[in-house]
Amino acid sequence: MQKIVFSGVQPSGMLTLGNYLGAIRQFVALQDEADQAYYCVVDLHATTVRHDPKTLRDYTLMVSKLYLASGIDPNRATIFVQSHVPEHAELAWLLQCVARTGELSRMTQFKEKGGDKETVSVGLYTYPVLMAADILLYQTTHVPVGEDQKQHLELTRDLAERFNRDYGEVFRLPETIIPDVGSRIMSLDDPTKKMSKSNPSEMGRIHLLDPDDIIEKKIMRAVTDSENVIRYDPEKKPGVSNLLAILALVRGEHPEVLAEAFSGQGYGALKRSVADAVLEVLRPIKERYEHLTDEETLKILREGADRAQAIARKTYREAAQAFGYICRESS
Ligand code: AMP
Ligand code: TRP
């Protein structure tokens, strides 16, 4: 069976080290292993909360460039913008008629984003169904994501299974790929919370394009604890463990092994090593980003959308036909 990888990132802010270590690095590795890889900039998802149109346009281009700068190769993977392939919204409608209000009401991300308020958009409620459509359109076998997306992937499988059972085998059931370490990089100023691009505190997150001195400052000021003992224990020592996890991911080592190597040293030494390692891993990304023009990026996105749409259209038609919508050609 072909290995088909799909994933997406919202253009809702500057990408963080959490996005990079939790998701994008896997995207880069998987483009070589997979028979097909699709990496989408999910602008439709980014409009489920209040947004500024100009900022959305800027971030859509920026995330696309960061995909490229991080090492996603448009010859090996298809990079595209979700709204350029209208089948995403079309299949989402069909799947909304398969999804149940009960299961969408139970989505933790919806609840966290204020799902109990009457003022949130209907789009925020149906967000996971659109995500299922993204994945199912490409007959995806593997979806690399961070821990926070696990429940959405379970829903995707449930919807695919229900559709296949009730209307005929159209969709393949995807597997989730969540890294053991790095699936949840924590905020530097509050290690009990996820490092997030929408977090109001700038000190908690490292942006991939932050200048070197700012990155150093954020890491050197990271919140730890007063024990001054280096040990990997995410429950009891979230700050130190987060630093060990970041260093381990960047160096390709295990956090427990690193903790041993640092034993007897102070937190300052650990932070220094983390800062050096992060600066080194981000340097080539920043350099490549600077050299990418809007024109070449837009061209890659156009070609990506063409390739993606050819596949998406085929799956959508199969699903629509199975569901009972008659084809325009045959009507
Ligand atoms: P988002 O920022 O919500 O568009 O997420 C894009 C991808 O990055 C998803 O696969 C997330 O699970 C992943 N991600 C976001 N924040 C983190 C984090 N702090 N640690 C690990 N992965 C993350
Ligand atoms: N919901 C995902 C996030 O916030 C983004 C996303 C949208 C996605 N569609 C997807 C991820 C399909 C993987 C596959 O991170």
Side-chain angles (χ1 to χ4, degrees), residues 4-28 30 37-49 51 56 59-60 62-64 66-67 70 80-83 85 88-89 91-92 95 107-110 112-113 123-124 126-138 140-157 159-160 174-199 204-208 234 238 241-242 245-246 249 308 312:
I4 304 176
V5 172
F6 185 99
S7 198
V9 173
Q10 297 189 58
S12 55
M14 172 66 90
L15 294 194
T16 69
L17 188 65
N19 293 125
Y20 180 70
L21 295 177
I24 295 175
R25 250 171 43 135
Q26 277 65 252
F27 299 1
V28 177
L30 285 164
Y38 298 89
Y39 299 128
C40 188
V41 182
V42 290
D43 55 347
L44 301 180
H45 281 105
T47 57
T48 56
V49 290
H51 72 286
L56 178 67
Y59 280 141
T60 302
M62 192 190 71
V63 171
S64 308
L66 280 171
Y67 272 176
S70 301
F80 71 104
V81 175
Q82 191 184 25
S83 65
V85 180
H88 287 248
L91 184 64
L95 293 175
M107 292 289 124
T108 44
Q109 197 162 349
F110 175 62
E112 277 165 19
K113 288 188 176 176
L124 188 69
T126 58
Y127 174 119
V129 182
L130 177 60
M131 181 162 162
D134 297 342
I135 296 165
L136 299 177
L137 275 176
Y138 299 91
T140 303
T141 57
H142 294 85
V143 185
V145 281
E147 174 71 31
D148 58 347
Q149 299 302 313
K150 205 169 152 194
Q151 198 187 24
H152 291 159
L153 263 299
E154 282 159 15
L155 177 81
T156 302
R157 290 173 63 93
L159 295 180
E175 277 176 40
T176 313
I177 307 180
I178 297 183
D180 295 339
V181 177
S183 64
R184 208 169 144 79
I185 299 295
M186 307 310 277
S187 179
L188 295 174
D189 63 352
D190 179 358
T192 60
K193 296 208 173 72
K194 186 185 90 154
M195 182 184 288
S196 148
K197 45 174 140 75
S198 53
N199 194 321
R205 57 173 177 255
I206 290 172
H207 292 148
L208 298 187
S241 302
N242 191 40
I246 293 172
L249 283 164

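Every number for a ligand or one of its atoms is a count from 1 in the order of the listing. For this chain, numbers begin at 1 and follow the sequence in order.
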Item to check | Heavy-atom closest pair, residues Lys194 and Asp148 | outcome: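 What the structure gives for the nearest pair is NZ-OD2, 2.7 Å.
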
Next on the checklist: Looking at Thr108, is its backbone amide N or carbonyl O close enough to the side chain of Gln151 to form a donor-acceptor pair, meaning the two atoms are under 3.5 Å apart?
Outcome noted: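 Answer holds: yes.
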
Item to check | Within reach of ligand 1, part of Met186 (heavy-atom separation under 4.0 Å) | outcome: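 Neither; no heavy atom under 4.0 Å.
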
Next on the checklist: For a 4.5 angstrom cut-off between non-hydrogen side-chain atoms, does Gln10 reach Lys197?
Outcome noted: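 Gln10 vs Lys197: side chains touch.
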
Checklist entry - If only atom types and distance count, is the side chain of Arg184 paired as donor or acceptor with the main-chain N or O of Gly146 below 3.5 Å? => result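 No.
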
Checklist entry - Between Phe6 and Cys40, what is the shortest heavy-atom contact and its length? => result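 The answer is CZ-CB, 3.6 Å.
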
Checklist entry - Looking only at protein heavy atoms, which one is nearest to atom 9 (N) of ligand 2, and how far off is it? => result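 Heavy-atom neighbour on the protein nearest atom 9 (N) of ligand 2: Asp134 OD2, 2.7 Å.
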
Next on the checklist: How far is atom 9 (C) of ligand 1 from the closest protein heavy atom, and which atom is that?
Outcome noted: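 Looking only at protein heavy atoms, the one closest to atom 9 (C) of ligand 1 is Gly146 N, 4.0 Å.
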
Checklist entry - Looking only at protein heavy atoms, which one is nearest to atom 20 (N) of ligand 1, and how far off is it? => result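 Nearest neighbour among protein heavy atoms for atom 20 (N) of ligand 1, to 0.1 Å: Ile185 N, 2.8 Å.
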
Item to check | Whether Tyr20 side chain and Leu208 backbone form a donor-acceptor pair below 3.5 Å | outcome: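 Side chain of Tyr20 to backbone of Leu208: no pair is present.
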
Checklist entry - Would you say Ser7 has any N or O atom under 3.5 Å from an N or O of ligand 2, going by distance alone? => result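 N/O-N/O distance below 3.5 Å does not exist for this pair.
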
Next on the checklist: Which of the numbered atoms in ligand 2 are under 4.0 angstrom from any heavy atom belonging to Ile135?
Outcome noted: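 Every atom of ligand 2 under 4.0 Å from some heavy atom of Ile135: 12 (C), 14 (C).
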
Checklist entry - Okay, side chain of Tyr67, backbone of Val9: is any donor-acceptor separation there less than 3.5 Å? => result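 Indeed, once roles are kept as given, a pair shorter than 3.5 Å links the two residues.
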
Next on the checklist: Please list the nearest protein heavy atom to atom 3 (O) of ligand 1 with its residue and the distance rounded to 0.1 Å.
Outcome noted: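 Protein heavy atom at minimum distance: Gln10 NE2, 4.0 Å.
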
Checklist entry - Any side-chain heavy atom of Thr156 sitting closer than 4.5 Å to one from Thr140? => result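 A side-chain contact under 4.5 Å is absent here.
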
Checklist entry - Taking all atoms of both residues into account, what is the closest heavy-atom pair of Ser64 and Val41, and its distance? => result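 Answer, listing the atom of Ser64 first, then Val41: OG-CG2, 3.5 Å.
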
Next on the checklist: Taking 4.0 angstrom as the limit and counting only heavy atoms of Val145, give me the atoms of ligand 1 inside it, by number and element.
Outcome noted: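 Listed by number with element: 10 (O).
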
Item to check | Closest approach of any protein heavy atom to atom 23 (C) of ligand 1, naming residue and atom | outcome: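 The protein heavy atom lying closest is Gly18 O, 3.5 Å.
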
Checklist entry - Identify the closest protein heavy atom to atom 1 (P) of ligand 1: which residue and atom is it, and at what distance? => result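 The answer is Lys197 NZ, 3.4 Å.
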
Checklist entry - Under a 4.5 Å cut-off applied to non-hydrogen side-chain atoms, are Leu66 and Asn19 in contact? => result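 Leu66 does not reach Asn19 side chain to side chain.
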
Next on the checklist: Show the nearest heavy-atom pair for residues His88 and Leu130, with the distance to one decimal.
Outcome noted: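 In this case the closest contact between His88 and Leu130 is O-CD1, 3.7 Å.
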
Item to check | Numbered atoms and elements of ligand 2 in range of Phe6, under 4.0 angstrom, heavy atoms | outcome: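 Near Phe6, the atoms of ligand 2 are 12 (C), 14 (C).
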
Item to check | N or O contact, Tyr127 vs ligand 2, cut-off under 3.5 Å | outcome: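 Among all N and O atoms of Tyr127, at least one is under 3.5 Å from an N or O of ligand 2.
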
Next on the checklist: Only heavy atoms of Arg184, strictly under 4.0 Å: list the atoms of ligand 1 that pass.
Outcome noted: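 Answer, ordered by atom number: 20 (N), 21 (C).
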
Checklist entry - Can you tell me if Ser183 has a non-hydrogen atom under 4.0 Å from ligand 1? => result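 The answer is yes: ligand 1 sits under 4.0 Å from a heavy atom of Ser183.
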
Checklist entry - Considering distance alone, does some N or O of Gln10 sit under 3.5 Å from an N or O of ligand 2? => result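 Looking only at distances, the answer is yes, because the N/O contact criterion of under 3.5 Å is met.
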
Item to check | For atom 15 (O) of ligand 2, the option (of His45, Gln149, Gln109, His152) bearing the nearest heavy atom | outcome: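 The residue whose heavy atom sits nearest atom 15 (O) of ligand 2 is Gln149.
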
Next on the checklist: With a 4.5 Å cut-off on side-chain heavy atoms, are Leu30 and His142 touching?
Outcome noted: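 A side-chain contact under 4.5 Å is absent here.
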
Item to check | Which of the ligand 1 atoms, numbered from 1, are nearer than 4.0 Å to a heavy atom of Gln149 | outcome: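 Contacts of ligand 1 toward Gln149, numbered from 1: 12 (O).
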
Item to check | Shortest protein heavy-atom distance from atom 16 (N) of ligand 1, along with the residue and atom involved | outcome: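 Among all protein heavy atoms, the one nearest atom 16 (N) of ligand 1 is Met195 O, 3.6 Å.
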
Next on the checklist: For Asp148, which part has a heavy atom under 4.0 Å from ligand 2: side chain, backbone, both, or neither?
Outcome noted: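 For Asp148, there is no contact with ligand 2 at all, from either part.
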
Next on the checklist: Do Leu188 and Asn242 have side chains that approach each other closer than 4.5 Å (heavy atoms only, starting at C-beta)?
Outcome noted: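 In short, these two side chains touch, coming nearer than 4.5 Å.
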
Item to check | Which residue and heavy atom of the protein sit nearest atom 7 (C) of ligand 1, plus the separation | outcome: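 Here the closest protein heavy atom is Ala23 CB, 3.7 Å.
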
Next on the checklist: Among all protein heavy atoms in this structure, tell me which lies nearest to atom 5 (O) of ligand 1, with the distance rounded to 0.1 Å.
Outcome noted: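 Result: Asn19 ND2, 3.4 Å.
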
Next on the checklist: Checking contacts here: is it the side chain or the backbone of Asp148 that comes within 4.0 Å of ligand 1, counting heavy atoms only? Could be both or neither.
Outcome noted: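 Just the side chain.
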
Checklist entry - Which ligand 2 atoms are under 4.0 Å away from a heavy-atom of Val145? => result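 Atoms satisfying the 4.0 Å criterion: 11 (C), 13 (C).
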
Checklist entry - Do Pro179 and Gln26 have side-chain heavy atoms sitting under 4.5 Å apart? => result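 Pro179 vs Gln26: side chains touch.
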
Next on the checklist: Within ligand 1, which atoms have a heavy atom of Gly22 less than 4.0 Å away?
Outcome noted: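 In order of number, 21 (C), 22 (N).
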
Next on the checklist: I need the nearest protein heavy-atom contact for atom 5 (C) of ligand 2: residue, atom name and distance, please.
Outcome noted: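 That would be Gly8 O, 3.6 Å.
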
Next on the checklist: Give the atom numbers and elements of ligand 2 that come within less than 4.0 Å of a heavy atom of Val143.
Outcome noted: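 Taking each heavy atom of Val143 in turn, ligand 2 has 13 (C), 14 (C) under 4.0 Å.
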
Checklist entry - Do the side chains of Gln149 and Val143 get nearer than 4.5 Å, heavy atoms only? => result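 Counting from C-beta outward, Val143 and Gln149 never come under 4.5 Å.
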
